[in-house]
Amino acid sequence: MTIQKRKIVSLDQPTARDIKHPTWSVSDVHGQYSYSNPHADLYLYLSQWSDMESYLNVGYSKPGQYHLHTNAHLRLINRLADGLLDLHAAGPYAAENHLLDVASGRGGAAIHARRRYGLQVTGVDITPYNAHRADDNARRQEVWPEVRFNIGDSTRLPLADASFPLVWSIESPAHFPDKRGFLKEVARVLKPGAAFTFADLLVVDRAATASEENRQIYREFLRVWDVPYLETFDSYKQTLAEVGLKLCRTEIVTRYNLDILNRDCVLFLWLSKPKWLYNGYKRYLKWRAGANLDNVYQHVLGSHRALRLGMIDYGLFWAVRV
Ligand SMILES: C[S@@+](CC[C@H](N)C(=O)[O-])C[C@H]1O[C@@H](n2cnc3c(N)ncnc32)[C@H](O)[C@@H]1O
């Protein structure tokens with residue numbers, strides 16, 4: 001009799017959620033958004049086309065729409081806001097208009113929420129540079145104090161229970177070390193039946209864990225973006241349900257932003273090949289935007305390697321507090 005050897009497959013196979021940026025700390029996030037680590041050079045580079053002192057998200061563009069522009073950020077914000085306000089209008093607090101913006105960055109989205117939708121907005125962000133810049137932007141655009149900002153942590157919001165009829169968080173949870181803790185906080189500060197939306201980067205499990213080389217590429221992606229780890233689409237769905245947030249709608253919009261970003265990365269890397277061109281542009285970029293092209297190059301390369309292999313998706317979620 002022959003005994004067949006069976007390969008034993010562990011049920012505890014590490015998933016992409018278990019892959020962490022090994023040295024991440026919150027000071028990396030502060031560095032990226034306060035122009036004090038090399039990853040901030042990407043924002044200086046992008047400031048040639050977009051208002052990066054107001055908007056820090058990757059945007060949203062349909063074919064034919066120009067992406068490297070402030071309008072791309074606004075299209076993403078409008079998409080989230082329209083879905084949020086539909087839920088709000090059908091909910092129990094339709095007459096209230098106070099929005100909490102978790103990780104509000106430099107305030108562009110919150111100010112837009114006031115201008116376009118007439119909302120009162122409280123923003124909270126962990127990076128002092130961003131919170132101060134946002135407050136300054138609100139004052140200069142004459143929407144303060146209806147739009148105001150505080151320094152605070154998304155996983156310990158300095159706000160009362162059941163105090164908001166509307167909450168959003170735009171492309172920020174990626175940076176949070178405890179995304180479940182963040183969602184629990186959102187559920188805590190939302191009034192029962194109130195509406196919530198968020199946008200975030202998601203790791204695609206199979207692509208990120210397919211080989212050791214892929215895992216390494218994925219870790220490098222986390223490193224260049226100062227991200228501790230990413231959730232998957234399914235892990236977010238599960239956590240939302242567990243913390244008492246009923247998911248109403250989701251969208252994966254990768255092709256309207258990250259795929260476009262990747263095409264820009266390909267062009268950037270191709271144009272970087274001739275040494276004379278790279279060196280000339282390096283001098284120009286330093287003079288024009290204060291950015292170091294070598295840092296931008298590392299950021300673009302680390303992003304492109306992961307994006308090209310389909311490791312990262314971009315998800316939008318709309319939910320209501322149970
Ligand atoms: C990619 S930016 C997005 C900002 C803004 N939502 C926008 O769309 O322009 C991410 C923001 O998250 C903030 N952030 C990161 N970790 C945070 C935390 N634990 N609590 C609050 N804010 C945080 C950063 O300071 C940064 O402003």
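Both ligands and their constituent atoms are indexed starting at 1 by order of listing.
- Distances between N or O atoms of Ile170 and those of ligand 1 include at least one value under 3.5 Å.
- Scanning the protein for heavy atoms near atom 13 (C) of ligand 1, the closest one is Asp125 OD2, 3.3 Å.
- Polar contact with ligand 1: absent for Ser54 (N/O pair, distance under 3.5 Å).
- In this structure, Arg263 does not pair ionically with Asp259, as no charged nitrogen and carboxylate oxygen lie closer than 4.0 Å.
- Residues Phe149 and Ala138 come closest through the heavy atom pair CE1-CB, 4.0 Å.
- Contacts between Leu56 and ligand 1, counted as non-hydrogen atom pairs separated by less than 4.0 Å, involve both the backbone and the side chain.
- The protein non-hydrogen atom at the shortest distance from atom 20 (N) of ligand 1 is Ser154 N, 2.9 Å.
- Between Asp135 and Arg148, no side-chain nitrogen of the basic residue sits less than 4.0 Å from a carboxylate oxygen of the acidic one, so the salt-bridge criterion is not met.
- Taking the six-membered ring for Trp, Phe317 and Phe233 have ring centres closer than 6.0 Å.
- The residue among Ile126, Leu201, Asp101, Leu76 with a heavy atom at the shortest distance from atom 14 (N) of ligand 1 is Ile126.
- The side chain of Tyr33, and not its backbone, has at least one atom closer than 4.0 Å to an atom of ligand 1 (non-hydrogen atoms only; side chain from C-beta on).
- In this structure, Asn130 is part of the shell of residues with a heavy atom less than 4.0 angstrom from ligand 1.
- For Tyr256, there are no side chain to side chain donor-acceptor pair (under 3.5 Å) partners at least two apart in sequence or on another chain.
- Here Ala103 has heavy atoms under 4.0 Å from ligand 1 in both its backbone and its side chain.
- For atom 8 (O) of ligand 1, the closest heavy atom belonging to the protein is Asn57 ND2, 3.0 Å.
- At a threshold of 4.0 Å, the pair Arg180-Glu242 counts as salt-bridged, since one of the basic side-chain nitrogens sits closer than that to a carboxylate oxygen.
- Cation-pi check for Lys179 over Phe198 is not met; the charged atom does not lie both under 6.0 angstrom from the ring centroid and within 45 degrees of its normal.
- If you number the atoms of ligand 1 from 1 as listed, the ones under 4.0 Å from a heavy atom of Tyr55 come out as 9 (O).
- Within ligand 1, the atoms closer than 4.0 Å to a non-hydrogen atom of Thr127 are 24 (C), 25 (O), numbered from 1 in the order shown.
- In this structure, Arg223 fails the cation-pi test against Trp225, since its NZ or CZ atom is not both closer than 6.0 Å to the six-membered ring centre and inside 45 degrees of the ring normal.
- In terms of heavy atoms, Pro92 sits closest to Gly193 at CD-O, 3.5 Å.
- Comparing Ser172, Gly59, Ser169 against atom 11 (C) of ligand 1, the shortest heavy-atom distance belongs to Ser172.
- Of all protein heavy atoms, the one closest to atom 19 (N) of ligand 1 is Asp153 OD1, 3.2 Å.
- Atom numbering of ligand 1 starts at 1 in the shown order; those under 4.0 Å from a heavy atom of Gly152 are 20 (N), 21 (C).
- Closest to atom 15 (C) of ligand 1 by heavy atom, among Arg133, Met52, His175, Glu171, is His175.
- Within 6.0 Å of the CD atom in Glu212, the count of heavy atoms belonging to other residues, nucleotides or ligands exceeds 12.
- For Ala199, the heavy-atom gap to ligand 1 stays at 4.0 angstrom or more.
- Of all heavy-atom pairs between Ala134 and Ile111, the closest is O-CD1, 4.5 Å.
- Comparing Phe176, Phe182, Tyr43, Trp168 against atom 18 (C) of ligand 1, the shortest heavy-atom distance belongs to Phe176.
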